[in-house]
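Below: the structure, in structure tokens.
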Amino acid sequence: AVVSTQSTGETNLAHMQVQLDTTKSKLDETEKAKADLQKKYDDAVEKMEREMSDMEKKYESILIEAMDAVAGKLEQAQSLWQKSCKMVQLRNIAKLREFGLPNLEL
């Protein structure tokens, strides 16, 4: 009877060792899968951050070009307004001189 108890205990121990090995193997696989998934996640985040940075630079460039274009148009308009304003002032001075107000200057 002692032999069968020992044999049953050894069988039970061997069975538990197999379960432990199987569980450890599954844990190793799960940890590797987790590490792979984390790397994919980190790579995706890094890629999105690079793309976002590139988009910011492109957007900034577009804004600068647009603002430069607006500034150029405003400068042209200002020059025309100044010429037009000077013409109006000269006409007004000429009219005032017609009424006898001498020596008026801009």
Side-chain angles (χ1 to χ4, degrees):
V2 174
V3 173
S4 71
T5 306
Q6 221 176 14
S7 176
T8 304
E10 288 174 5
T11 303
N12 195 18
L13 182 61
H15 177 68
M16 291 181 94
Q17 184 63 43
V18 169
Q19 283 184 325
L20 179 63
D21 291 344
T22 302
T23 302
K24 183 169 181 344
S25 176
K26 286 181 181 178
L27 176 62
D28 290 344
E29 289 174 15
T30 302
E31 286 177 343
K32 183 180 179 332
K34 178 187 174 217
D36 290 346
L37 189 59
Q38 184 67 47
K39 182 173 179 353
K40 284 181 184 179
Y41 173 81
D42 291 343
D43 290 347
V45 167
E46 183 180 328
K47 180 183 175 193
M48 284 189 269
E49 287 174 345
R50 275 194 317 270
E51 289 173 352
M52 201 164 69
S53 177
D54 289 345
M55 288 171 55
E56 285 176 17
K57 290 174 186 171
K58 288 176 185 175
Y59 182 69
E60 181 180 359
S61 174
I62 290 168
L63 283 178
I64 289 171
E65 287 177 22
M67 295 305 279
D68 287 346
V70 168
K73 288 180 180 184
L74 284 174
E75 286 177 15
Q76 290 174 349
Q78 181 183 16
S79 176
L80 292 173
W81 294 334
Q82 287 174 342
K83 288 177 186 176
S84 179
C85 187
K86 187 159 184 120
M87 295 298 291
V88 169
Q89 288 175 342
L90 289 174
R91 271 187 270 146
N92 288 342
I93 288 173
K95 291 289 182 188
L96 290 172
R97 283 187 183 152
E98 286 178 16
F99 289 107
L101 297 172
N103 299 326
L104 294 175
E105 294 182 19
L106 289 177

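Here, residue 1 is the first one in the sequence, and each next residue gets the next number.
We find the CD-CG distance between Q89 and L96 to be 11.5 Å, quoted to the nearest 0.5 Å.
Under the rule for a side chain to side chain donor-acceptor pair (under 3.5 Å), D54 has no partner lying at least two apart in sequence or in another chain. The side chain to side chain donor-acceptor pair (under 3.5 Å) search around K34 returns none, not counting sequence neighbours. Scanning for side chain to side chain donor-acceptor pair (under 3.5 Å) contacts around D28 gives K24, with sequence neighbours left out.
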Show me the donor-acceptor pairs, under 3.5 Å and distance only, between side chains in residues 62-81 and residues at least two apart or in other chains.
none

Report all side-chain donor-acceptor pairs from residues 37-47 shorter than 3.5 Å, counting only partners two or more places apart or in another chain.
unit_1, atom_1, unit_2, atom_2, d
Q38, NE2, D42, OD1, 2.9
K39, NZ, D43, OD2, 3.0
E46, OE2, R50, NH1, 3.1

In residues 14-23, what donor-acceptor pairs under 3.5 Å come from side-chain atoms, sequence neighbours left out?
unit_1, atom_1, unit_2, atom_2, d
H15, NE2, Q19, NE2, 3.4
Q17, NE2, D21, OD1, 3.0
T22, OG1, V18, O, 2.8
T23, OG1, Q19, O, 2.8

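Between M52 and E56 there is a side-chain heavy-atom pair separated by less than 4.5 Å. Looking at heavy atoms from C-beta onward, E98 lies in side-chain contact with K95 at the 4.5 angstrom threshold.
Put simply, the side chain of S61 never gets that close to the backbone of K57: no donor and acceptor are under 3.5 Å apart.
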